[in-house]
Chemist: 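The structure's right below; bear with me while I get my questions together.
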Amino acid sequence: MNDDPRITPAGDGSGEDIDPGSADLIHLRSSVRSIAGLPAAQRIRHIRTERWIGYPRARSVIVHLETLLVWPDRQRMPNLLLIGPTNNGKSMIIEKFRRAHPAVSLPDREHIPVLCMQMPPDPAPGRFYLAMLAALGTPMRPRSRVHELEQQAVTLLRATGVRMLIIDELHNVLAGRDNVRREFLNLLRFLGNELRIPLVGVGTREAYLAIRSDAQLENRFHPMTLPIWTNDTDTRSLLASFTASFPLRAPSYLTSAEMTDYLLTRCEGTIGELATLLTAAAVTAIEAGEESITSQVLTQTAYFGPTERRRHFERHLA
């Protein structure tokens with residue numbers, strides 16, 4: 001990995017003598033330049049803050065969700081199945097969309113245009129409805145029977161004006177026995193028919209396998225995938241966006257083919273792991289006084305990819 005020779009150590013992290021309007025900071029987004037002048041501790045805090053970085057595939061998913069949200073009422077509504085590996089940005093996309101359509105408190109009720117819930121660890125209908133009622137912020141009667149929970153949930157979904165139901169961790173469907181799994185898939189069909197709103201399932205490849213086991217549901221759910229990242233233009237653009245968002249006082253050159261390959265190999269190709277690696281590297285750069293992410297900084301960064309973490313854990317179990 002050949003680092004750009006223009007990268008030089010910058011400053012001692014004190015935040016002094018740094019002009020936010022300086023041409024030396026043109027590698028940063030305008031909103032980040034003022035932060036580059038802060039002391040090291042404040043800059044590190046900013047680096048560790050969760051951030052949204054848009055990229056083409058994420059934007060296309062959000063556009064599709066916006067289209068579904070305003071879909072005209074019809075007997076069989078279109079649904080979406082968002083599929084991708086663990087830690088590859090699915091939940092962050094959903095959260096970004098949800099925040100764009102927040103719940104609103106009206107004089108007589110709560111209006112919830114987009115309801116996000118997490119699939120319970122097993123697909124038992126009773127547990128699913130309890131999770132849904134919890135997402136709606138509703139107190140639940142103990143020992144309620146499934147049909148009572150179902151009636152309460154459907155009534156509240158209508159009363160709060162829910163126009164889209166998003167179910168994260170849908171792959172948990174496969175954790176149940178065959179008969180429980182079939183019962184849950186029937187429940188999904190029922191909700192779609194009864195509420196006439198789009199359903200969005202989010203999960204790993206196992207979620208697709210579960211939906212595919214039911215021919216009717218498979219026809220209703222349009223799959224969209226978030227594949228593992230490869231060394232292409234989109235990935236290099238993503239890397240440039242990350243580095244422009246970190247308040248480092250010198251530019252980081254991470255978009256060469258060699259460096260991109262190195263980063264993808266080390267983080268195993270998911271955006272969540274890539275964000276973790278780059279965040280740790282940016283902190284290391286400040287603490288080491290380097291002020292940019294270089295090959296040396298990456299070598300010094302305390303980060304282990306998923307496979308390395310698994311091997312480390314297994315060694316300690318042996």
Side-chain angles (χ1 to χ4, degrees), residues 1-4 7 9 13 40-53 55 57-58 83-95 118 121 168-169 171-172 202-206 225-232 234-248 250-318:
M1 294 175 294
N2 296 320
D3 299 315
D4 193 289
I7 299 179
Q42 291 176 256
R43 289 191 291 144
I44 288 173
R45 181 177 177 83
H46 175 81
I47 287 169
R48 288 173 172 161
T49 301
E50 187 174 73
R51 59 179 49 77
W52 166 260
I53 293 182
Y55 52 94
R57 192 62 175 169
I83 301 298
T86 298
N87 208 8
N88 205 29
K90 302 182 298 296
S91 295
M92 183 166 281
I93 291 172
I94 294 304
E95 179 62 14
Q118 185 166 304
D168 202 357
E169 307 290 335
H171 45 263
N172 287 342
V202 182
T204 61
R205 177 177 175 272
E206 284 70 24
T225 60
L226 296 176
I228 291 290
W229 291 76
T230 59
N231 193 339
D232 58 15
D234 286 345
T235 301
R236 291 189 287 274
S237 176
L238 179 73
L239 291 171
S241 295
F242 267 113
T243 56
S245 71
F246 293 144
L248 300 177
S252 302
Y253 297 93
L254 304 181
T255 58
S256 69
E258 186 181 7
M259 177 64 87
T260 303
D261 275 337
Y262 168 80
L263 292 170
L264 290 175
T265 299
R266 192 167 174 189
C267 73
E268 300 183 23
T270 65
I271 191 173
E273 291 291 337
L274 180 62
T276 300
L277 169 57
L278 293 178
T279 296
V283 171
T284 300
I286 290 178
E287 293 176 338
E290 291 291 331
E291 291 297 338
S292 65
I293 300 174
T294 65
S295 298
Q296 182 178 357
V297 165
L298 286 165
T299 301
Q300 296 171 350
T301 298
Y303 166 84
F304 297 97
T307 300
E308 290 177 286
R309 293 197 298 267
R310 195 176 305 116
R311 289 172 180 166
H312 179 78
F313 179 71
E314 288 171 352
R315 279 197 301 269
H316 282 74
L317 284 181

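This one's a predicted model, so the numbers in the text were calculated from it and none came from an experiment.
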Chemist: Applying side-chain contact (heavy atoms from CB on, under 4.5 Å), name anything that partners E287, two or more places apart in sequence or on another chain.
Modeler: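 Per chain and number, E287 pairs via side-chain contact (heavy atoms from CB on, under 4.5 Å) with I44, V283.
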Chemist: For a side chain to side chain contact (heavy atoms under 4.5 Å, CB included) check, start with the C-alpha distance between Y262 and L298, then their side-chain angles and the critical distance, and finish with the verdict.
Modeler: CA-CA 10 Å; Y262 168 80; L298 286 165; 3.8 Å; yes
Chemist: Working to the nearest 0.5 Å, report the span between OG1 of T294 and CG of L254.
Modeler: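 The CG atom of L254 is 9.5 Å from OG1 of T294, to the nearest 0.5 Å.
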Chemist: Can you name the closest pair of heavy atoms from T225 and P227 and give their distance?
Modeler: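 Smallest heavy-atom distance, with atoms named: O-CD, 3.4 Å.
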Chemist: How far does OG of S252 sit from CD of E291, to the nearest 0.5 angstrom?
Modeler: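 So the gap between those two atoms works out to 9.5 Å.
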Chemist: Go through the structure and list residues passing side-chain contact (heavy atoms from CB on, under 4.5 Å) with A58, not counting sequence neighbours.
Modeler: W52, Y55, I93
Chemist: Would you mind telling me which of L238, L274, L263 makes a side chain to side chain contact (heavy atoms under 4.5 Å, CB included) with W229?
Modeler: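 Among the candidates, only L238 passes.
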Chemist: Among residues at least two apart in sequence or on other chains, which ones pass side-chain hydrogen bond (donor to acceptor under 3.5 Å, both in side chains) with R48?
Modeler: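 R48 satisfies side-chain hydrogen bond (donor to acceptor under 3.5 Å, both in side chains) with no other residue.
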Chemist: Within a radius of less than 6.0 Å around CZ of R51, do more than 12 heavy atoms belonging to other residues, nucleotides or ligands occur?
Modeler: yes
Chemist: Just jot down the side-chain hydrogen bond (donor to acceptor under 3.5 Å, both in side chains) partners of T230, sequence neighbours excluded, or say none.
Modeler: D232
Chemist: With side chain to side chain contact (heavy atoms under 4.5 Å, CB included) as the criterion, how do M92 and I271 come out once you've worked through the C-alpha distance, each side chain's angles and the decisive distance to 0.1 Å?
Modeler: CA-CA 10 Å; M92 183 166 281; I271 191 173; over 6 Å; no
Chemist: Who pairs with T260 by side-chain contact (heavy atoms from CB on, under 4.5 Å), at least two apart in sequence or on another chain?
Modeler: N231, T235, R236, L239, L264
Chemist: For R311, enumerate each residue passing the salt bridge (charged side-chain N to carboxylate O under 4.0 Å, His left out) test, keeping only those at least two apart in sequence or located in another chain.
Modeler: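 For R311 there are no salt bridge (charged side-chain N to carboxylate O under 4.0 Å, His left out) partners, ignoring immediate neighbours.
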Chemist: Looking only at heavy atoms, which two atoms of S292 and A250 are closest? And how far apart?
Modeler: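 So the two residues come closest at CB-O, 3.6 Å.
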Chemist: Please report the closest heavy-atom contact between L226 and P85, naming both atoms and the distance.
Modeler: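 It is O-CD, 3.1 Å.
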Chemist: Please report the closest heavy-atom contact between P247 and I47, naming both atoms and the distance.
Modeler: CD-CG1, 3.5 Å
Chemist: Which pair of non-hydrogen atoms, one from I293 and one from A281, has the smallest distance, and what is that distance?
Modeler: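 Minimum heavy-atom contact is CG2-CB, 3.9 Å.
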Chemist: Let's go through T276 and C267 carefully: what are the C-alpha distance in whole Å and the side-chain angles of both, what is the deciding distance for side chain to side chain contact (heavy atoms under 4.5 Å, CB included) to 0.1 Å, and is it a yes or a no?
Modeler: CA-CA 9 Å; T276 300; C267 73; over 6 Å; no
Chemist: Using the test side-chain contact (heavy atoms from CB on, under 4.5 Å), find all partners of Q118 that sit at least two apart in sequence or belong to another chain.
Modeler: E169
Chemist: Before you tell me yes or no, could you show the steps for F246 and T279 under side chain to side chain contact (heavy atoms under 4.5 Å, CB included), namely the whole-Å CA-CA distance, both residues' side-chain angles and the distance that decides it to 0.1 Å?
Modeler: CA-CA 8 Å; F246 293 144; T279 296; 4.1 Å; yes
Chemist: Who passes side-chain hydrogen bond (donor to acceptor under 3.5 Å, both in side chains) against E206, sequence neighbours left out?
Modeler: T204
Chemist: With Y303, which residues qualify under ring-ring contact (aromatic ring centres under 6.0 Å, His included), at least two apart?
Modeler: none
Chemist: To check you understand the geometry: which heavy-atom pair defines the closest contact between R45 and T49, and what is its length?
Modeler: O-OG1, 2.9 Å
Chemist: Once side-chain hydrogen bond (donor to acceptor under 3.5 Å, both in side chains) is applied, do any residues pair with R57, and if so which ones, sequence neighbours excluded?
Modeler: none
Chemist: Do the side chain of E273 and the main chain of T270 share a donor and acceptor less than 3.5 angstrom apart?
Modeler: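 Side chain of E273 to backbone of T270: no pair is present.
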Chemist: Tell me which pairs pass salt bridge (Lys or Arg N to Asp or Glu O under 4.0 Å) where either residue lies in residues 260-269, with sequence neighbours left out.
Modeler: none
